[in-house]
There are 2 protein chains.
Amino acid sequence: MAAKPNKPDVAARAQLVEAEDRFIASWGRMGSVWGISRTMAEVHALLYITGKPMCTDEIMDRLGVSRGNVSMSVRSLLEWAVIEKVRLPGDRKEYFQAEQDVWAMLRAIARERIKREVDPLLDALDEIDQLAPQASKHSPEEVRDLQQRIEAVRDGFGVITTLSHKFAGPRGAGLQTAAKLLAKAPIGRAKKHPSKRKENRA
Amino acid sequence: MAAKPNKPDVAARAQLVEAEDRFIASWGRMGSVWGISRTMAEVHALLYITGKPMCTDEIMDRLGVSRGNVSMSVRSLLEWAVIEKVRLPGDRKEYFQAEQDVWAMLRAIARERIKREVDPLLDALDEIDQLAPQASKHSPEEVRDLQQRIEAVRDGFGVITTLSHKFAGPRGAGLQTAAKLLAKAPIGRAKKHPSKRKENRA
DNA sequence: TTGAGTTTTCAGTTTTTTGTGAAAACTACT
DNA sequence: AGTAGTTTTCACAAAAAACTGAAAACTCAA
């Protein structure tokens, strides 16, 4: 809105938008793999990649989704605390802006996922454990086996949870450092030839 | 099939089955959060929690799903390498048995998830990077910002990937130990009063 | 208090995912 | 080769999830 560039390097701008769109599409695909809606992920991607605050209408136009959908996606993202509301002086609309620190963002995502994935399972295991022992007088071996297996799962997830909380918790800057230390060859680091790095993942 | 217990402690057995069912249900719910089908997760849960090899018909009966569905779920689980085929002598049917080592199981799950979630994103980011730079002569700042953001995401996921591979890779026993060391108070460890542990997750 | 601008809600619709069941394919034995 | 037991495939059905759009609710300045 500020100014149309007088030198309309149209091709360059188009390519920028193209790159953005690709990023949005990829992030959106991830979203569906993670169990959040494609749109929600796309909104987040859009706000992150452009970096600037956007209002509902801009988001609708850019992503081609309905007002209702944007409203719901934005609400979830606010709950996740990966975007925030900003008010522009002299404008009644609400604008939204993404968390720009990737690690903070990743922590927020991790936190939500743990909340939704791991914690409920641990709670369920607790309940089940309270259910099973009552039978233990009668058929000892089977019950013991059952409990051992449940216990094993619980320990496993427990370790993961504890560890994750250290990363995802409010005081959770730690893992970034820890991770970088643990990872001998952190990541290709290629400044201009990123394709080489692919071997790391084959 | 071996023998009906002459003392039919019916109530005890019912409770055992009840506990199993609850475990299966919880695990199944997790499955849908992880982006695998509920049935696939349930089949896995059933095989893990009972520990014994089961054939298609037993699974169908116990979970109340169709033959086709069991066949497909089992195939995926075999691909994930969290269950294996066993042949019982003198029986033409195929039986399936779950990996009983929880850490091996968790690693297998993690491995698949990384493959499906992180790797595709990193690949996409590589592609996008190749797209964006071509515009750099014309509108430097915006392009630079875009590339920085993409790079930041890539670094973040890169670190996570590297770290995860150390855990999930074939030589990946490491994290269990690392995790236990890192986690000061590893996990409540309550032998008989597990409910106390809940505070760790509030 | 009004009303224009804006956001939220939600019943109904569309899209996507998952599950079924029966036919086809496979397997091992005779 | 024939065949009975078993598994796989896949067109279609059912269920779940996501999305739309318009009405209702909200907000704030006048």
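Protein chains get the first letters and strands the later ones, always in sequence-line order, with residue 1 at the start of each. None of these values were measured; they are calculated from a predicted model. What you see below is based on every heavy atom in this structure, not just the backbone, and it leaves out hydrogens, waters and symmetry mates.
For dT16(C), neither phosphate oxygen OP1 nor OP2 lies less than 4.0 angstrom from any side-chain nitrogen or oxygen of Arg38(A). The phosphate of dT7(D) has OP1 or OP2 within less than 4.0 Å of a side-chain N or O from Thr56(B). Between Arg75(B) and dT9(D) there is a side-chain polar atom (N or O) within less than 4.0 angstrom of OP1 or OP2. Dashed line: the shortest gap from a side-chain N or O of Ser66(A) to OP1 or OP2 of dC19(D) is not under 4.0 Å. A close approach under 4.0 Å does not occur between any side-chain nitrogen or oxygen of Ser37(A) and OP1 or OP2 of dA18(D). For Thr39(B) and dG19(C), the shortest distance from a side-chain N or O to OP1 or OP2 is below 4.0 Å.
Residues Glu58(B) and Tyr95(B) form a side-chain contact, since some pair of their non-hydrogen atoms from C-beta on lies under 4.5 Å apart.
As a whole-Å value, the separation of Lys85(B) NZ from dT7(D) P is 9 Å. If you measure from atom CE of Met60(A) to atom P of dA22(D), you get 11 Å, rounded to the nearest angstrom. The interatomic distance linking Tyr95(B) (OH) with dG5(D) (P) rounds to 15 Å, in whole Å. For the pair Leu88(B) CG and dG5(D) C1', the interatomic distance rounds to 16 Å; values are reported in whole Å. The CE-P distance, from Met72(A) to dA18(D), rounds to 10 Å in whole Å. Between the C1' atom of dT7(D) and the CD atom of Glu58(B) lies a distance of 16 Å, rounded to the nearest Å. Residue Arg67(A) contributes atom CZ, which lies 18 Å from atom P of dA25(D) at whole-angstrom precision. Separating the CG atom of Asn69(B) from the P atom of dA16(D) is a distance of 13 Å, rounded to the nearest angstrom.
For Glu94(B), whose side chain is taken as the heavy atoms from C-beta onward, the closest listed nucleotide among dC10(C), dT7(C), dT8(D) is dT8(D). The side chain of Arg92(B) has dA28(C) as its nearest neighbour among dA28(C), dT6(C), dT8(C).
Judged by distance alone, with hydrogens and angles left aside, the side-chain atoms of Arg87(B) form a donor-acceptor pair with the main-chain N or O of Arg92(B) at under 3.5 Å.
Taking the six-membered ring where the residue is Trp, His44(A) and Tyr48(A) present tilted rings, their angle falling between 30° and 60°.
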query: Would Phe96(B) and Lys85(B) satisfy side chain to side chain contact (heavy atoms under 4.5 Å, CB included), going step by step from the backbone distance to the final call?
result: CA-CA 5 Å; Phe96(B) 304 96; Lys85(B) 268 187 197 161; 3.6 Å; yes
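Of the residues near DNA chain C, Asp91(A) and Gly68(A), the one whose nearest nucleotide (by heavy atom distance) lies more toward the 5' end is Asp91(A).
Separation of atoms CG (Leu47(A)) and CD (Glu42(A)) is listed at 12.0 Å; rounding is to 0.5 Å.
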